[in-house]
Asks: 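Got a structure for you, written out below as structure tokens; questions coming shortly.
In this chain, residues are counted from 1 in sequence order. Because only heavy atoms are used, hydrogens play no part in the values below, and waters and symmetry mates are left out as well, while side chains stay in. As the structure is a computational prediction, the values presented were derived from the model and not from experiment.
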Amino acid sequence: MILRYGRVAGRRDESDAVPWIGWRARVRSAAVPLAVPAYRLHFFARLLSWTGSAVAPIGLAFAVLHIEGGAGGLGLVLAAGMVPQILLLLVGGVVADRFSRARVMVWSNIVCFAAEGLAALLLYADVARVWHLAAMSAVCGAASAFFTPAAGGVVVEVVPKEMRHAANALLKIGQNTVKVGGPALGGVLVAVAGPAWVIGWDALTFAAAAVLCAKIKLAPSRVKVRAGFVSDLREGWQDFWSRTWLWIMVVQGSVIVPTWLVGYQLLGPVYGQRFLGGSGPWGLAMAGFTGGLIAGAALALMWKPRQVGLVVCLGTGSMALPLATMALDQPVLVLIAATAAAGTGLAVSMTTWAGLVQERIRKDRLSRTTSYSTLGQLLPVPLGYLAAGPAAELLGVRVVLALAAVVIAGAAVVPLLLRQIRELSLAVEDESVNSELTSAARAPR
């Protein structure tokens, strides 16, 4: 059955502002965006790529540790991936708004395939050094600077407004479903076959994703070039800076994102190796996080919160839980529960935030504006990566994790002191959508 969306005449009573929709109808509505061919290709391209990305972080981390790079070497490799992304992100935003976002995604995937494929060969031949992995990370980081703004703008091009919340949630569910077993599987693969096979698999998924992205046909109505490069950058900055709610939350992200990446992505594997017994237990903890991401994305699909500011702040604040758990040296089962709670909160906040940004920012400026947002959050990350190793050596891993937990919790709460953030809200869902979905759920088969 094809669902047609329109506006129902008449006004609703205030008490009926948010009608109850059955769970079966909401689950069925999740598949509606997949009826759009371009979105379907985009979804499965991302899904293929995520199957590699699910195991790649643990493969990369233990590859560095295997060649005796230590926490400092891992920090160097991760920082190498962030620096070119930061330097090129604004360029990537302009390119994504000027040219076909699908084509930008194709070439970004091809570049990552080549870089990771070469790194896998070097690891397999047992000749890889830290600088080799740092170079691979830098190339993929540069490609990501173009891929991220392009991918962020594809959804608004291929699905109508009333489908976007479901489309965003569906992407999150797909992303995290393939990742739920990835960390645990990655830990097993590292132990059995070595990190070269893990990184090689990630390279192959980039190649497959490029093939699917090449088939995406976007509407030609969007005007790609309007002014010079500098003018495009200035226009994107003005659009970003004029939205106070946006840059306030980006400032929050500039504190939380690097702190979380240092605590979880960098020091987490080190903690797992020193205190949990190796890659296996840490892989289970990572699986708990991705399991929480799935649960959070499913919750976001069923529930479209109005109070965006509160939901986003509380969701990101939940990321303090795993770091605090590690700092207190709790058992693995407690750590898995903490990472699951953090994943749930993060998925709900990210899905809700994506919907707000897509609702309030013009389609032809979306990639540029969001590139400024992403840049603000990523800018401090390399410094955090480089400082984490020496800080862990000086203070100890657990002390640094405890400090990181406190910073995240504080940064999550501060924006809620501002009324503008507390009042951030999404538009009420179109009643005709709810009505037709409910009717579809009750229709006889």
Side-chain angles (χ1 to χ4, degrees), residues 50-51 53-62 65-66 71 74 172-173 175-193 195 198 256-257 259-300 302 314-351 388 392 395-409 412:
W50 287 327
T51 60
S53 299
V55 298
I58 195 167
L60 180 61
F62 284 92
L65 296 176
H66 175 72
L74 182 55
K172 287 298 178 186
I173 291 174
Q175 176 185 18
N176 299 315
T177 298
V178 298
K179 291 175 66 176
V180 66
L185 177 61
V188 173
L189 289 176
V190 168
V192 174
V198 176
I256 291 180
V257 170
T259 305
W260 166 254
L261 292 178
V262 165
Y264 180 75
Q265 188 179 35
L266 196 160
L267 294 181
V270 177
Y271 178 88
Q273 186 182 53
R274 293 184 184 179
F275 302 106
L276 298 181
S279 61
W282 177 244
L284 293 175
M286 294 178 71
F289 179 68
T290 52
L293 288 172
I294 292 175
L299 176 60
M302 305 300 175
L314 293 182
T316 53
S318 67
M319 293 191 293
L321 295 175
L323 307 186
T325 301
M326 288 188 284
L328 296 174
D329 196 24
Q330 296 298 300
V332 174
L333 290 179
V334 177
L335 178 59
I336 293 172
T339 55
T344 301
L346 180 60
V348 172
S349 67
M350 289 178 67
T351 303
L395 302 176
V397 172
R398 292 177 187 167
V399 173
V400 176
L401 289 169
L403 292 174
V406 171
V407 169
I408 289 177

Asks: To the closest 0.5 Å, what do you measure between CG (Leu333) and CG (Leu284)?
Replies: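 Answer rounded to 0.5 Å: 9.0 Å.
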Asks: Decide yes or no for Leu335 and Leu276: does some side-chain heavy atom of the first lie under 4.5 Å from some side-chain heavy atom of the second?
Replies: yes
Asks: Quick one: CD on Gln265 to CG on Leu60, what's the gap to the nearest 0.5 Å?
Replies: 8.5 Å
Asks: Which heavy-atom pair separates Ser318 from Pro322 by the least distance, and what is that distance?
Replies: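 Distance-wise, the nearest heavy atoms are O-CD, 3.8 Å.
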Asks: Could you tell me which non-hydrogen atom of Leu321 sits nearest to which non-hydrogen atom of Ala341, and how far apart they are?
Replies: CD1-CB, 3.9 Å
Asks: Please give me the minimum heavy-atom distance between Gly263 and Met326, naming the atom from each residue.
Replies: O-CE, 4.0 Å
Asks: Treating Thr339 as the side-chain partner and Ala285 as the backbone partner, does any N or O pair qualify as donor plus acceptor under 3.5 Å?
Replies: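 Pair found, side chain donor or acceptor close to backbone of Ala285.
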Asks: What closest approach, in Å, do Thr316 and Ser349 show between heavy atoms, and which atom pair accounts for it?
Replies: CG2-OG, 3.9 Å
Asks: Would you compute the distance between atom CG of Leu328 and atom CG of Leu323 and round it to the nearest 0.5 angstrom?
Replies: 11.0 Å
Asks: Rounded to the nearest 0.5 Å, what separates atom CE in Met319 from atom CD1 in Ile408?
Replies: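 Met319 CE to Ile408 CD1: 5.5 Å, rounded to 0.5 Å.
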Asks: May I ask you to decide if the ring planes of Phe275 and Tyr271 are parallel, tilted or perpendicular, using 30° and 60° as cut-offs?
Replies: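 Answer is tilted, since the angle falls between 30° and 60°.
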Asks: How long is the span from the CG atom in Leu395 to the CG atom in Leu403, to the nearest 0.5 Å?
Replies: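 Separation between the atoms: 7.0 Å.
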Asks: Leu346 vs Phe289, test: side-chain contact (heavy atoms from CB on, under 4.5 Å). Steps then yes/no.
Replies: CA-CA 10 Å; Leu346 180 60; Phe289 179 68; 3.7 Å; yes
Asks: Ignoring hydrogens, what is the shortest heavy-atom contact between Ala324 and Ala405? Give both atom names and the distance.
Replies: N-CB, 3.7 Å
Asks: Can you tell me how far apart CG (Leu299) and OG1 (Thr344) are? Round to the nearest 0.5 Å.
Replies: 8.0 Å
Asks: If I compare all heavy atoms of Ala320 with all of Ala409, which pair ends up nearest, and what's the gap?
Replies: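 So the two residues come closest at CB-N, 4.1 Å.
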